[in-house]
Amino acid sequence: MYQVKNRIYLDFDKTQKSAVCNYLRALVKQGVNSGEYSVENLLNKFIEDEKYYLELNTSRFPFLSEVIDDAQFLKDTEDYVKECIKYYEYKEKQKPVIEAQKEFEKKKRKFLQEVKMSKEAPTKKQLYYYDRLCKKYGIEKKNVEELSKLDLRDEIERILNEHSDDYKNVD
């Protein structure tokens, strides 16, 4: 896409080129999402819309009035639309890989968090909550000085699971 972007619209300045390309990319994305993404349809829609807005003097791209019917402009626009379609099709094909990668990263973060928790001392909140649960359910307390944050969390979960019907009523 970037190679095509560098060789199109050579007569435009940087801002004009960027504005037209961003608009075309959004138009293609909308067309791909709606299922109407043939190059001809998107190109015709863009040209018709711009001619209409130029006639009304409300175009976002007033500089197009001189080149909208130019063969080089039409060719450049068609090339860019084709590249945008390829980009979005490729992105769609990569979706399962990206989702799998996100899931893997999520599991990795959870694992690293548990490793970190296994080396930390329990918090005051955890200790207080553990004491309250033990009092409420009449459970003998373990020596929590030797437990890590992770161990205490697992112990609290175990108690809650054993008494799951009563656990909503914790003071």
Side-chain angles (χ1 to χ4, degrees), residues 1-9 12-39 41-42 45-46 49 58-61 77 79-171:
M1 179 182 289
Y2 298 107
Q3 292 172 346
V4 170
K5 198 172 181 181
N6 288 333
R7 67 176 171 79
I8 60 173
Y9 306 134
F12 294 174
D13 67 29
K14 190 176 179 181
T15 308
Q16 292 171 335
K17 183 177 182 176
S18 176
V20 171
C21 288
N22 287 338
Y23 180 77
L24 284 170
R25 191 169 56 237
L27 185 69
V28 170
K29 185 175 184 179
Q30 181 183 7
V32 168
N33 290 341
S34 68
E36 298 177 19
Y37 62 95
S38 73
V39 177
N41 286 349
L42 293 171
K45 181 175 176 15
F46 173 69
D49 287 351
T58 58
S59 175
R60 276 169 269 173
F61 314 117
T77 304
D79 290 347
Y80 191 69
V81 167
K82 285 179 184 176
E83 280 300 309
C84 287
I85 289 172
K86 284 181 191 175
Y87 171 78
Y88 285 115
E89 285 176 346
Y90 176 76
K91 204 171 177 186
E92 190 64 33
K93 288 179 185 175
Q94 291 297 312
K95 210 172 205 173
V97 174
I98 292 169
E99 291 299 320
Q101 191 173 12
K102 283 182 184 178
E103 188 62 34
F104 172 76
E105 290 296 324
K106 187 176 176 183
K107 288 178 183 177
K108 185 171 113 178
R109 281 192 304 275
K110 184 176 181 181
F111 171 76
L112 291 174
Q113 181 185 22
E114 287 184 354
V115 167
K116 182 180 174 186
M117 284 175 68
S118 70
K119 297 176 182 178
E120 294 177 345
T123 63
K124 288 180 182 178
K125 228 178 198 179
Q126 272 184 312
L127 294 170
Y128 175 76
Y129 190 57
Y130 178 71
D131 285 343
R132 299 291 292 170
L133 285 175
C134 288
K135 284 180 186 175
K136 180 172 182 167
Y137 297 121
I139 300 170
E140 187 177 329
K141 295 181 194 175
K142 293 183 178 178
N143 185 2
V144 292
E145 292 175 12
E146 300 169 5
L147 296 178
S148 68
K149 199 176 196 180
L150 178 68
D151 295 334
L152 192 57
R153 182 198 73 184
D154 292 342
E155 183 63 24
I156 290 171
E157 282 181 13
R158 184 190 64 76
I159 292 171
L160 292 174
N161 288 338
E162 284 180 7
H163 305 283
S164 62
D165 53 331
D166 297 334
Y167 122 80
K168 296 268 194 254
N169 302 326
V170 175
D171 296 338

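What you are looking at is a predicted structure, and each value in this text was computed from that prediction instead of being measured.
Distance CD/E83 to CG/L24: 13.0 Å, rounded to 0.5 Å. The CG atom of D151 lies 10.5 Å from the CD atom of E146; values are rounded to the nearest 0.5 Å. Taking CD of E120 as the start and CG of L150 as the end, the distance is 10.0 Å to the nearest 0.5 Å. Of the inter-residue distances, the one linking K106 atom NZ with K110 atom NZ reads 8.5 Å to the nearest 0.5 angstrom. For the atom pair SG of C84 and CG of L27, the computed distance is 9.5 Å after rounding to the nearest 0.5 Å. Rounding to the nearest 0.5 Å places NZ of K149 at 6.0 Å from OG1 of T123.
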(request) Mind running side chain to side chain contact (heavy atoms under 4.5 Å, CB included) on E114 and R153 for me, showing each step along the way? (result) CA-CA 10 Å; E114 287 184 354; R153 182 198 73 184; 3.3 Å; yes
(request) Assess whether side chain to side chain contact (heavy atoms under 4.5 Å, CB included) is satisfied between D79 and R7, documenting all intermediate values. (result) CA-CA 10 Å; D79 290 347; R7 67 176 171 79; 3.5 Å; yes
(message) The test is side chain to side chain contact (heavy atoms under 4.5 Å, CB included); show your working for I156 and L133 and say whether it passes.
(response) CA-CA 8 Å; I156 290 171; L133 285 175; 3.7 Å; yes
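Minimum interatomic distance between D13 and T15 (heavy atoms only, all atoms of both residues): OD1-N, 3.1 Å. Closest non-hydrogen pair, P122 versus L152, comes out as CB-CD2, 3.5 Å.
By the 4.0 Å N-to-carboxylate-O rule, K45 lies close enough to D49 to be salt-bridged with it. Salt bridge R158/E162: present, at least one basic N to carboxylate O contact under 4.0 Å.
One N or O on the side chain of K17 and one on the backbone of K5 form a donor-acceptor pair closer than 3.5 Å. The backbone N or O of V115 sits less than 3.5 Å from a side-chain atom of S118, completing a donor-acceptor pair.
Open room surrounds CD on E145; 12 or fewer heavy atoms of other groups in view lie less than 6.0 Å from it. Within a 6.0 Å sphere centred on OH of Y87, heavy atoms belonging to other residues, nucleotides or ligands number 12 at most. Within a 6.0 Å sphere centred on NZ of K29, heavy atoms belonging to other residues, nucleotides or ligands number 12 at most.
Taking the six-membered ring where tryptophan is involved, the planes of H163 and Y137 are essentially parallel, since the angle between them stays under 30° and well short of 60°.
Ring pair Y80/Y9: centre-to-centre distance not below 6.0 Å.
Contact check for I159 versus Y130: side-chain heavy atoms found under the 4.5 Å cut-off.
In summary, the side chains of N22 and R25 do present a donor paired with an acceptor at a separation below 3.5 Å, with no hydrogens or angles considered.
Remark: Y88 engages no residue in a side chain to side chain donor-acceptor pair (under 3.5 Å) (not counting sequence neighbours).
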